[in-house]
**Q** 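Could you have a look at this structure, given as structure tokens, before my questions?
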Amino acid sequence: MNFTGANILSVEQFDRDSIDYIFQIADRMQPYARRQKRTTVLDGAILGNLFFEPSTRTRVSFGTAFNLLGGEVRETTGMESSALSKGESLYDTARVLSSYSDIIAMRHPKSGSVAEFAQGSRVPVINGGDGANEHPTQALLDLYTIKKELAYHGTSLNGLHICMMGDLKFGRTVHSLSRLLALYPNVRFTLISPRELAMPESVLAVLEKAGHQVTITDQVSESSDAHILYQTRIQQERFESVEEANQYRGRFRLNSDIYTKHFKPNTVIMHPLPRDSRAEANELDNDLNQNPNLAIFRQADNGVLIRMALFALTLGVAEQVENYDRTVNWFSDKPNL
Ligand code: NCD
């Protein structure tokens with residue numbers, strides 16, 4: 001895949017070689033993310049960070065990643081504060097905003113909206129989540145995390161058993177991650193959800209075509225030998241009403257007791273975050289916070305490395321990052337990511 005100038009809209013764009021290349025570049029971003037060194041390879045470049053849906057991690061990590069490469073960030077948050085709420089088309093918004101920036105990261109509640117926006121853009125566009133459809137940068141950081149966690153336990157992706165649990169219908173992160181994992185051999189998927197919130201047929205078809213073993217169930221007990229447990233949030237904002245979402249909230253909780261009872265020791269716990277910590281949901285209890293297998297914060301940290309790699313690649317500077325670096329002036333003692 002030729003990254004320079006490319007949009008990143010869907011995981012369908014990637015093959016295993018391009019993923020390996022992204023991960024190699026991400027590894028090289030460690031010293032900057034750890035604040036041992038700083039690079040100014042993107043000095044003068046501007047990121048348009050357009051978030052038309054709530055976001056903490058994705059938005060801030062896109063901005064941080066760009067800053068860590070020496071670039072600057074212009075941000076718009078919320079639909080109400082943008083001219084889209086005055087009826088402006090995505091095309092017009094893209095034509096205008098793309099002349100103010102060198103690259104755009106965007107999140108929007110409508111499926112396909114980021115691709116539509118990209119048609120009007122004169123600069124590369126990175127999809128930060130388009131409705132229930134896709135979240136390609138999250139899938140890359142999830143896969144990067146899975147590889148690292150498995151390597152820590154002395155295993156690899158070959159023969160991976162992943163269990164995905166919760167809202168698999170509206171959760172875009174599990175859609176993109178499943179499609180990405182379908183590229184690897186011998187992956188076993190256990191998909192646990194209420195029947196009404198099952199993984200969409202379009203994603204299942206990709207897994208089936210690639211010959212993977214898929215178990216669809218509403219029983220947590222089916223997942224006992226999973227290597228990775230990927231928990232998700234009920235995507236309340238995609239339901240017709242809060243009452244409808246409430247029917248499912250709390251159906252698949254995870255706490256220390258459930259984890260010990262249903263999963264083998266060392267099953268890695270992942271979640272794209274935010275976790276819904278309200279008592280009625282509590283999908284990932286705080287009593288797991290000290291469990292070393294809880295990878296959720298390592299996962300979020302890895303997001304910066306992956307997004308730095310994608311910016312460096314799409315702006316064509318991936319091989320120049322080190323030419324513009326120097327050690328930092330201030331005290332920094334951050335651990336390895
Ligand atoms: C996810 C999202 O927005 O799709 N969050 C994220 O980007 N890390 C998951 C969610 O909101 O539940």
Side-chain angles (χ1 to χ4, degrees), residues 8-11 26 49-65 75 77-79 105-115 126-146 162 164-180 191-194 197 199-200 203 228-239 242 244-246 248-254 269-278 280-285 294-308 310 337:
I8 307 289
L9 299 175
S10 161
V11 290
N49 210 21
L50 316 180
F51 274 71
F52 300 113
E53 247 196 346
S55 173
T56 303
R57 255 153 306 273
T58 307
R59 178 173 58 82
V60 178
S61 73
F62 268 122
T64 301
E75 199 156 85
T77 53
M79 204 69 97
M106 177 175 166
R107 168 173 288 187
H108 191 282
K110 201 175 109 210
S111 280
S113 54
V114 184
I126 302 187
N127 184 358
D130 62 322
N133 184 34
E134 276 233 34
H135 196 343
T137 64
Q138 179 74 38
L140 286 167
L141 77 88
D142 286 341
L143 180 59
Y144 185 71
T145 305
I146 291 171
I162 184 166
M164 295 176 173
M165 184 152 93
D167 184 350
L168 307 184
K169 178 179 180 190
F170 295 120
R172 55 193 168 198
T173 71
V174 285
H175 302 165
S176 291
L177 179 59
S178 300
R179 288 174 186 274
L180 213 50
L191 305 177
I192 306 176
S193 72
L197 301 184
M199 187 68 91
V203 179
I228 305 280
L229 165 60
Y230 192 105
Q231 175 70 309
T232 64
R233 178 179 68 85
I234 300 296
Q235 306 283 293
Q236 178 187 309
E237 61 277 31
R238 314 233 182 272
F239 287 80
V242 177
E244 196 193 342
N246 280 344
Y248 304 108
R249 227 191 279 278
R251 285 266 286 274
F252 294 105
R253 286 163 194 262
L254 189 69
I269 306 164
M270 294 176 65
H271 189 304
L273 299 177
R275 53 176 155 169
D276 188 343
S277 295
R278 288 171 286 196
E280 62 274 24
N282 205 13
E283 65 215 12
L284 192 45
D285 197 298
L294 186 75
I296 57 175
F297 299 117
R298 296 192 284 278
Q299 205 179 338
D301 287 347
N302 287 333
V304 172
L305 301 177
I306 291 293
R307 293 183 174 116
M308 286 178 81
L310 290 172
L337 300 184

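In listed order, ligands and their atoms are each counted from 1.
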**Q** To the nearest 0.5 Å, tell me how far R249 CZ sits from E283 CD.
**A** 9.0 Å
**Q** Begin from the C-alpha positions of L140 and Y144 and carry the test side chain to side chain contact (heavy atoms under 4.5 Å, CB included) through to its verdict.
**A** CA-CA 6 Å; L140 286 167; Y144 185 71; over 6 Å; no
**Q** Which protein residues come within less than 4.0 angstrom of ligand 1, counting heavy atoms only?
**A** T58, R107, H135, Q138, R172, T173, R233, Q235, P272, L273, P274
**Q** Going by the rule side chain to side chain donor-acceptor pair (under 3.5 Å), which residues pair with R179 if we only count those two or more places apart in sequence or in a different chain?
**A** E12
**Q** Can you list everything that forms a side chain to side chain donor-acceptor pair (under 3.5 Å) with E134? Sequence neighbours excluded, please.
**A**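 E134: side chain to side chain donor-acceptor pair (under 3.5 Å) contacts with S10, S176.
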**Q** Going by side chain to side chain donor-acceptor pair (under 3.5 Å), name the residues that satisfy it together with N282, two or more places apart in sequence or in a different chain.
**A** D285
**Q** May I ask you to decide whether E53 forms a salt bridge with R238, counting only side-chain N to carboxylate O separations under 4.0 Å?
**A**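 Yes.
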